[in-house]
Protein chains: 4
Amino acid sequence: MGLKERREREKQARKHQILDAARHLLFKKGIQSTSINQIARKAELGVGTIYFYYQSKEEIFYALQEEGLDILFRQIEAIGRKSIGPDGKLRETGMAYLDFSRRHKDYFDIINYFLATPTVMLGDELKQRIDHKGSRILKLLDGFTRTGVADGTFRSVDPKKYAVMFWGALHGLTQFKKLENTVLEGENHAHIFEYAVDQLIDGLKPKKER
Amino acid sequence: MGLKERREREKQARKHQILDAARHLLFKKGIQSTSINQIARKAELGVGTIYFYYQSKEEIFYALQEEGLDILFRQIEAIGRKSIGPDGKLRETGMAYLDFSRRHKDYFDIINYFLATPTVMLGDELKQRIDHKGSRILKLLDGFTRTGVADGTFRSVDPKKYAVMFWGALHGLTQFKKLENTVLEGENHAHIFEYAVDQLIDGLKPKKER
Amino acid sequence: MGLKERREREKQARKHQILDAARHLLFKKGIQSTSINQIARKAELGVGTIYFYYQSKEEIFYALQEEGLDILFRQIEAIGRKSIGPDGKLRETGMAYLDFSRRHKDYFDIINYFLATPTVMLGDELKQRIDHKGSRILKLLDGFTRTGVADGTFRSVDPKKYAVMFWGALHGLTQFKKLENTVLEGENHAHIFEYAVDQLIDGLKPKKER
Amino acid sequence: MGLKERREREKQARKHQILDAARHLLFKKGIQSTSINQIARKAELGVGTIYFYYQSKEEIFYALQEEGLDILFRQIEAIGRKSIGPDGKLRETGMAYLDFSRRHKDYFDIINYFLATPTVMLGDELKQRIDHKGSRILKLLDGFTRTGVADGTFRSVDPKKYAVMFWGALHGLTQFKKLENTVLEGENHAHIFEYAVDQLIDGLKPKKER
DNA sequence: GATGAATGAGCCTTCATTCAT
DNA sequence: GATGAATGAAGGCTCATTCAT
């Protein structure tokens, strides 16, 4: 057991070592320009070793995507623990998403990459782990909405569907950052984003009470 | 005279011929796997000829993106001419977006590709033409919203900002199609999409008590 | 006659037009990076037209070499007309060579290019014209030396052989400019060059008289 | 231990194998017409393998240049060990240069290529290695001259500057071989070269009356 | 005389992946 | 477990030259 455990721990350490190198390079040179050979050199390992731990280059990037989703999850989770109303939580979640896309631009890009690419999904385990990470985040949004509906803050919507819409809207809007100087004609992207978040939540409020 | 004109027409025909080949391949193999050499072979032209008409690979894809944006524009424009209320127009626009992403999946992918890629835009003229196409579409959405606000169908929102939000939300949600079998846990993507569109428009309606 | 003459004149004008463009580009981008297409565009002519006046790209550069040799010739010729002794003329010729390699660096490079390249000489006429230009220059040097020998300024050397040596030495030394910061270890190239010219001439003086 | 050493030796062998192929081709087709693909084919290696050992095409040619400079160095070094006076050493060096340019024409061409090309040098290490080779040779010439000045064979000249002049003259004259049948008008190039060497050394001798 | 569209072989270089050691 | 040399297909792109109009 002890041996086996140690082995396992060492294996994890190596994987981390590789991921560290990959992350570094990816953040410096972009996803397209990062090659396995570079990762190997940076990680001070042989290329063969990389392939022992990861089946392919894509698998490494998947692992990185996991990291990104974890960071995003923890940030939204923290919001969930705050003592504010469901509307506040959604609002902060929205702003957190924009923040995430800025402060962790590279993680956002990687998530985006997999979302925009005609995926060739690899191993099942990997796939499921990513799905799980995604679901966890959706669950948080779902929870915020559900609570709001339950306590009357929001009108009666389908929490899960609304959560998806919310996330989708956030994601699409975030991407539009790129259009700031062109199609958006100088409108400040952050303002638009914030405005949108507010509209989205406002539209969730019951109509009568107001 | 006639000669010059004919020349010009032939030149345009060649450009189309190249675009046809590029579109074909792109739609079959994806943006990353389509190479200039393949395009040339498909178009039954020399590689040099391709470069005579297009400065780079990227320029070809931009041209294709233009095509996609044109199609999208025409579809939404048609909606604008219908004799329905602004809310109906927005709703149909939403559904048209989903429809576009399905029927013209590859055009959607190209648009998405440029939105998701940390692209370095090339020539200014090219850039501006694309921008113009995008702006035209946004203008349509802007117009729908503006009309609705004017005639009281909608509450008082900033039409342009709302248009951006609307488009962003549609775009993000469309991308989520990919999550249908995983994170969305079997929920029908189209249902979610439709639901979202309705929510978005519903949130735009005036609060009753007001 | 008149017609024929005009034709000829126009033809020469076209050739100049092409040469002007080629020179411009060559001086800006170097010999390797200047393409016929670029020359054509710059000259506002079709590529085919270029080929009507010049058989090949190389031929254009030959013509440019001619220009360079002409400039060099005129400079040395002017020295020949000065009222100074043969030693002074040789000295000034040496310095003029260095000056030429600096002020007309690109012409010097082109001469150098043909000297360093395993030539595939083209048409005979062209070849002979270049040869003539070269011989003219050598003749000047020859004359300076011959005069010096005749009037006792120099000791009795073979003027023609000495002229070749002189020119060869100048040329080789000029090329060494490139080594200024490396092999020459910071020694000022111009100083070395001047020193060499002086040595070369000094070695030509009669030994007895001194 | 043994393994590591053997690996290293094999690696060196591969580099030699590549250089052999490159040399062969270069000597047959000239520097401009030798491509990496051809080298790979000739060396019976994959293109990638070439790039595993050499960073670029230029690096290979630098390596070849090193070889040439080494040969030249050894030949002059051997002259230095002879029991002849400094004037004899310089004379033999001169003739050795001509000999080198004939027997190792291609090496001479490479050296010339780098001297005549407005090269942008690459890595510093590479650059320094070449510089070192060049300096070594200059040092030999410098030494010959210095000795001659010290023992009274030569008059008092700056040994280093004279060495540069000597080399420069030799180099320039060697290039003029090409003009043998044209500008030189049938004069035997070798004769001229020999004559020049003699003049150069003669001019170094002390003036009698002094 | 002038044009310029068309060519296509060839260029240098990259890189994910394999496999013998 | 780890290594790293070797691969070779494929990438985007250039360019001197030709020839039908």
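Everything quoted here is computed from the prediction, not taken from an experiment. Lettering of chains follows the sequences in order, A, B, ..., and the numbering in each one begins at 1.
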Chemist: Given E:dG1, is OP1 or OP2 found less than 4.0 Å from the side-chain N or O atoms of C:Arg7?
Modeler: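 For E:dG1, OP1 or OP2 has a side-chain N or O of C:Arg7 closer than 4.0 Å.
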Chemist: Check every atom of E:dC12, F:dG1, E:dA2 against the side chain of D:Lys57 and return the nucleotide holding the closest atom.
Modeler: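 Looking only at side-chain atoms, D:Lys57 lies closest to E:dC12.
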Chemist: Looking across every strand, which nucleic acid part, if any, lies under 4.0 Å from A:Ser33 by heavy atom: base, sugar-phosphate, or nothing?
Modeler: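 A:Ser33: no heavy atom of the nucleic acid under 4.0 Å.
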Chemist: What's the closest nucleotide to the side chain of D:Phe52 if the choices are F:dG11, F:dA5, F:dA16?
Modeler: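 Among F:dG11, F:dA5, F:dA16, the one nearest the side chain of D:Phe52 is F:dA5.
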Chemist: Do the two ring centres, one from D:Tyr113 and one from D:Phe61, sit under 6.0 Å apart?
Modeler: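 Here the rings of D:Phe61 and D:Tyr113 have centres that are no less than 6.0 Å from each other.
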Chemist: Checking A:Leu19 against A:Ile60 for the side chain to side chain contact (heavy atoms under 4.5 Å, CB included) test, could you report, in this order, the C-alpha distance in whole Å, the side-chain angles of both residues, the deciding distance, and whether it holds?
Modeler: CA-CA 7 Å; A:Leu19 240 41; A:Ile60 295 176; 4.0 Å; yes
Chemist: Distance-only, no hydrogens or angles: does the C:Thr34 side chain make a donor-acceptor pair with backbone N or O of C:Gly30 under 3.5 Å?
Modeler: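 Pair found, side chain donor or acceptor close to backbone of C:Gly30.
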Chemist: Is the distance from OP1 or OP2 of E:dA2 to the nearest side-chain N or O of C:Arg14 less than 4.0 Å?
Modeler: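 C:Arg14 to E:dA2 OP1/OP2: side-chain N or O found under 4.0 Å.
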Chemist: If the C1' atom of E:dG1 is compared with that of F:dT21, how far apart are they to the nearest Å?
Modeler: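 Pairwise C1' distance, E:dG1 against F:dT21, rounds to 13 Å.
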Chemist: Of the listed nucleotides (F:dG11, F:dT3, F:dT7), which one gets closest to any side-chain atom of D:Thr49?
Modeler: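 Nearest nucleotide to the side chain: F:dT7.
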Chemist: Can you tell me how far C1' of E:dC15 sits from CD of A:Glu58, to the nearest Å?
Modeler: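 Checked: the CD to C1' distance equals 15 Å.
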Chemist: Taking for each residue the nucleotide of DNA chain E bearing the nearest heavy atom, is the 5' side occupied by D:Gln32 or by C:Glu44?
Modeler: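 Comparing both residues, the 5'-ward one is C:Glu44.
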Chemist: Quick check: on DNA chain F, is the nucleotide nearest D:Gly48 upstream (toward 5') of the one nearest B:Asn37, or the reverse? Name the residue that is more 5'.
Modeler: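 Residue closer to the 5' terminus by nearest nucleotide: D:Gly48.
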Chemist: What is the distance, to the nearest angstrom, from the CD1 atom on A:Ile50 to the C1' atom on F:dA5?
Modeler: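 About 16 Å, once rounded to whole Å.
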Chemist: Between E:dA5 atom P and B:Ile18 atom CD1, what is the distance in whole Å?
Modeler: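 That distance rounds to 12 Å.
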Chemist: Go nucleotide by nucleotide along DNA chain E from the 5' end; which of D:Gln38 and B:Gly46 gets its closest nucleotide reached first?
Modeler: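 Nearest-nucleotide comparison on DNA chain E picks B:Gly46.
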Chemist: Verify salt bridge (charged side-chain N to carboxylate O under 4.0 Å, His left out) between C:Lys133 and C:Asp70, making sure each step is shown before the conclusion.
Modeler: CA-CA 7 Å; C:Lys133 306 277 185 190; C:Asp70 276 341; 3.0 Å; yes
Chemist: So if I take every side-chain heavy atom of B:Val47 and compare against E:dA5, E:dC11, E:dG8, which nucleotide ends up nearest?
Modeler: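 Side chain of B:Val47 sits closest to E:dG8.
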Chemist: Return the value, rounded to whole Å, for the distance between atom OH of C:Tyr54 and atom C1' of E:dG1.
Modeler: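 Going from OH in C:Tyr54 over to C1' in E:dG1 covers 16 Å.
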Chemist: Within this structure, what is the OH-to-C1' distance between C:Tyr53 and F:dA16, rounded to whole angstrom?
Modeler: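 Value for this atom pair: 20 Å.
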Chemist: I want to verify a distance call: between E:dT17, E:dA2, F:dT14, whose nearest atom is closest to the A:Ile36 side chain?
Modeler: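 That would be E:dT17.
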Chemist: Sort out the partner of F:dA20 for me: Watson-Crick or G-U wobble, both distances under 3.5 Å, none otherwise.
Modeler: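 Across any shown strand, F:dA20 pairs with E:dT3.
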Chemist: Using both distances under 3.5 Å as the test, list the Watson-Crick or G-U wobble partner of E:dT13, or none.
Modeler: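 Base partner found: F:dA10.
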Chemist: Strictly below 4.0 Å: does A:Ser35 bring a side-chain N or O up to OP1 or OP2 of E:dT14?
Modeler: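 The answer is no; no side-chain N or O of A:Ser35 sits under 4.0 Å from OP1 or OP2.
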Chemist: Among E:dT13, F:dT17, E:dT7, which is the nearest nucleotide to the side chain of D:Tyr51?
Modeler: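 Nearest to the side-chain atoms of D:Tyr51, counting from C-beta on, is E:dT13.
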Chemist: Quickly work out the B:Arg6 CZ to E:dT3 P distance and round it to whole Å.
Modeler: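 These atoms are roughly 18 Å apart.
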Chemist: CD of C:Gln17 versus P of E:dG1: gap in Å, rounded?
Modeler: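 That distance rounds to 15 Å.
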Chemist: Just how far, in rounded Å, is P of E:dT3 from CZ of C:Arg41?
Modeler: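 Spelled out: CZ on C:Arg41 to P on E:dT3 is 14 Å.
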Chemist: In the structure shown, which nucleotide is the Watson-Crick or G-U wobble counterpart of E:dG8, with both distances under 3.5 Å?
Modeler: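 Base-paired to F:dC15.
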Chemist: Ignoring hydrogens and geometry beyond distance, is a side-chain donor-acceptor pair present between C:Gln17 and C:Arg14 at under 3.5 Å?
Modeler: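 Result is yes, a qualifying pair exists.
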Chemist: When rounded to the nearest 0.5 angstrom, what distance separates CZ in A:Phe114 from CD in A:Glu58?
Modeler: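 It comes to 5.0 Å.
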